[in-house]
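Contents: one structure, followed by commentary.
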Amino acid sequence: MQVPLSSAQILEEDIQAVVDTLRSGRIALGPQIRAFEEEIAARAGVSHAVACSSGTAALHILLEASGIGPGDVVLTTPFSFVASSNVLLMLGAIPCFVDISRSTLMPSVPDVERALARLRSGSCVLPGESAPCDFSRVKGMLFVDVFGMPAPWEELDLLARQEGLLLFEDSCEALGGRLEGRSCGSFGVGGAFAFYPNKQITTGEGGVVVTENPEIASLCRSLINQGRDDSGTWLSHVRLGYNYRMSELTAALGRSQLSRLDAILEKRNQVALRYQRLLGHLPGLILPSPPAWTDLPSWFVYVIRLRNSGIRQSVMEHLLSRGVECKPYFTPIPLQPFYAERFGHKEGDFPVMDEVCSSVLALPFYTDLDEASQSYVARCLEEVLSHATL
């Protein structure tokens, strides 16, 4: 049996939506994009959404529109896909990593408070720099809904307001998630969603900024469209911008998929629950679970942890040999070669992240993953764990 790591759910209605848009003759800057933005904004419970070419593009323009720039310091997580830190470097800002909690795989609010206290002390030297950091450079916090599980946004929002900092929500993995009665993407200055094929819904490539701030939304619209103004004059460029536009085809696919998001989230939740049942008795595993503050998780991937990280390679090799695709998820951002070289990060700087990253393993997970395939994955895991030192 072959079980892929992920698989997008593409139905006939999705194909028809794209075909109808192709036949309309309007395949860029048209009504599908505007409708998709309105529907995403309504889903996130915010007033504005700006569709763009990727989740990375969404984070980039959200930060730029909010004034993040060269030399600014932004607190963030070391345990994420690298894009959440790359967007800071793209603007000349400095990521200040805060180690994560073992239970949530996110920085805890007390750890963020301690990091701010160190920065305020006047003696904190940032990696890659020689002099202590002036606290006036600390401008914001960018955290991530890891694996579709909401971060503690209500507490982080309160902390950001108390400290006079901007809060950015990377919800690229968490469309539809909810906490404290609010949707992911609705906290802080704004948030970003992404629609890569392994996400809850897909547009192939694509992303969107969500925000309550009309000025930021307007700036984002300009930035994605080569810096054009809103006068309607096509060759009037008032600022440096990018070609980050979403196409009508992409938006049409997104609208079709978004119309069944609730059903998709329920299916993915059932897949996660089946894994909990199938794997719960296996020794040596730590299974994922939503944080206590979560109203509705938005399962993105299913990532287990091995209590003995030393067996991960052999577990992976066995699963792959049996046709079960799996991957370590994530690789530490600070230890990526580019980051380590630029900032001097090394193993041991973030001990909990090191421990977690050495033990994580993503199993096959997607909306239409059936019970027979999951049972096969569980049997293959049991085979290798029965002969391993746990």
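Numbering starts at 1 and runs along the sequence shown.
A donor and an acceptor atom, one from each side chain of Ser54 and Glu205, are nowhere located under 3.5 Å apart. Using modelled atom types and a 3.5 Å distance limit, the side chains of Ser136 and Asp134 yield a donor-acceptor pair. Residues Asp20 and Gln16 have side chains that bring a donor and an acceptor to within less than 3.5 angstrom of each other. Using modelled atom types, one finds a donor on one side chain and an acceptor on the other under 3.5 Å when comparing Thr250 with Ser247. For Glu212 and His48, the side-chain atoms include no donor-acceptor pair closer than 3.5 Å. Looking only at atom types and distance, the side chain of Trp293 has no donor-acceptor partner in the side chain of Glu180 under 3.5 Å away. Checking Gln226 against Asn243 by side-chain atom types alone, no donor-acceptor pair falls below 3.5 Å.
Side-chain rings of Tyr366 and Tyr302 stay apart, their centers remaining 6.0 Å or farther from each other. Ring pair Phe147/Phe79: centre-to-centre distance below 6.0 Å.
Electrostatic pairing of Arg305 and Glu355 counts as a salt bridge here, judged by a charged N lying under 4.0 Å from a carboxylate O. Salt-bridge check for Glu317 with Arg322: failed, with every basic side-chain N at 4.0 Å or more from each acidic carboxylate O. Between Glu382 and Arg379 there is no salt bridge, since none of the side-chain N atoms of the basic residue sits less than 4.0 Å from a carboxylate O of the acidic one. Between Asp368 and Arg268, none of the side-chain N atoms (NZ, or NE/NH1/NH2) sits under 4.0 Å from a carboxylate O, so this pair counts as no salt bridge.
When atom types are taken as modelled, the side chain of Asn198 and the backbone of Ala8 share no donor-acceptor pair closer than 3.5 angstrom. Not one N or O on the side chain of Ser222 forms a donor-acceptor pair closer than 3.5 Å with the backbone of Ser218. Although no hydrogens or angles enter the test, the distance criterion places a donor-acceptor pair under 3.5 Å between the side chain of Glu169 and the main chain of Gly185. Asp295 places a side-chain N or O within donor-acceptor distance of the main-chain N or O of Gly181, the cut-off being under 3.5 Å. Remark: the backbone N or O of Arg274 is not paired with any side-chain donor or acceptor of Glu371 at under 3.5 angstrom. In terms of modelled atom types and a separation under 3.5 Å, the side chain of Thr294 and the main chain of Leu296 share no donor-acceptor contact. Side chain of Arg26 to main chain of Leu29: a donor-acceptor pair is present (N/O by atom type, distance under 3.5 Å, no hydrogens or angles). A distance-only check finds no donor-acceptor pair linking the side chain of Thr202 to the backbone of Lys199 [under 3.5 Å]. Without hydrogens or angle criteria, Asn213 side chain to Glu215 main chain gives a donor-acceptor distance under 3.5 Å. Put simply, the side chain of Arg178 never gets that close to the backbone of Pro297: no donor and acceptor are under 3.5 Å apart.
Note: Leu306 CG to Ile286 CD1 = 8.5 Å, rounded to the nearest 0.5 Å. Atom CD1 of Ile201 sits about 8.0 Å away from atom CG of Leu253, to the nearest 0.5 Å. Taken to the nearest 0.5 Å, the OG1 atom of Thr21 stands 6.5 Å off from the CG atom of Leu249.
Residues Glu173 and Val146 come closest through the heavy atom pair OE1-C, 3.6 Å. The two residues Glu248 and Gln32 have their closest heavy-atom pair at OE1-N, 2.9 Å. The heavy-atom pair separating Leu175 from Leu265 by the smallest distance is O-CD2, 3.8 Å. Of all non-hydrogen atoms in Ile216 and Ser66, the two that sit nearest each other are CD1-OG, 3.6 Å. What you find for Asp349 and Asp354 is that their closest heavy atoms are N-OD2, 4.3 Å. Of all heavy-atom pairs between Ile224 and Arg221, the closest is CG1-O, 3.3 Å.
Residues Leu278 and Ser375 are in side-chain contact: their nearest non-hydrogen atoms beyond the backbone lie under 4.5 Å apart. You'll find the side chain of Leu369 reaches within 4.5 Å of the side chain of Val3, heavy atoms only.
Screening Leu320, Val377, Val315 for a side chain to side chain contact (heavy atoms under 4.5 Å, CB included) with Cys326, the sole residue that qualifies is Leu320. With Tyr339 as reference, Ser85 is the one residue of Ser85, Pro78, Pro332 to meet the side chain to side chain contact (heavy atoms under 4.5 Å, CB included) rule. When Val74, Leu116, Val189 are each tested for a side chain to side chain contact (heavy atoms under 4.5 Å, CB included) with Leu165, only one passes: Leu116.
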Next item on the list: For the pair Ser186 and Ser183, evaluate side-chain hydrogen bond (donor to acceptor under 3.5 Å, both in side chains) and give the outcome as yes or no after the intermediate values.
Entry: CA-CA 6 Å; Ser186 67; Ser183 296; 5.7 Å; no

Margin query: For Glu64 and Tyr242: C-alpha separation, side-chain torsions, deciding distance, then whether side-chain hydrogen bond (donor to acceptor under 3.5 Å, both in side chains) applies.
Written below: CA-CA 12 Å; Glu64 184 168 342; Tyr242 316 95; 2.6 Å; yes

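Ring geometry for Phe97 versus His345: interplanar angle over 60°, hence perpendicular rather than tilted (30 to 60°).
Heavy-atom neighbours of Phe81 CZ from other residues, nucleotides or ligands within 6.0 Å: at or below the threshold of 12. Heavy-atom neighbours of His387 NE2 from other residues, nucleotides or ligands within 6.0 Å: at or below the threshold of 12.
Relative to the six-membered ring of Phe135, Arg120 meets both conditions, a distance below 6.0 Å and an angle of at most 45° to the axis. Taking the ring centre of Phe187 as origin, the terminal cationic atom of Arg182 falls inside the region bounded by 6.0 Å and 45° from the ring axis.
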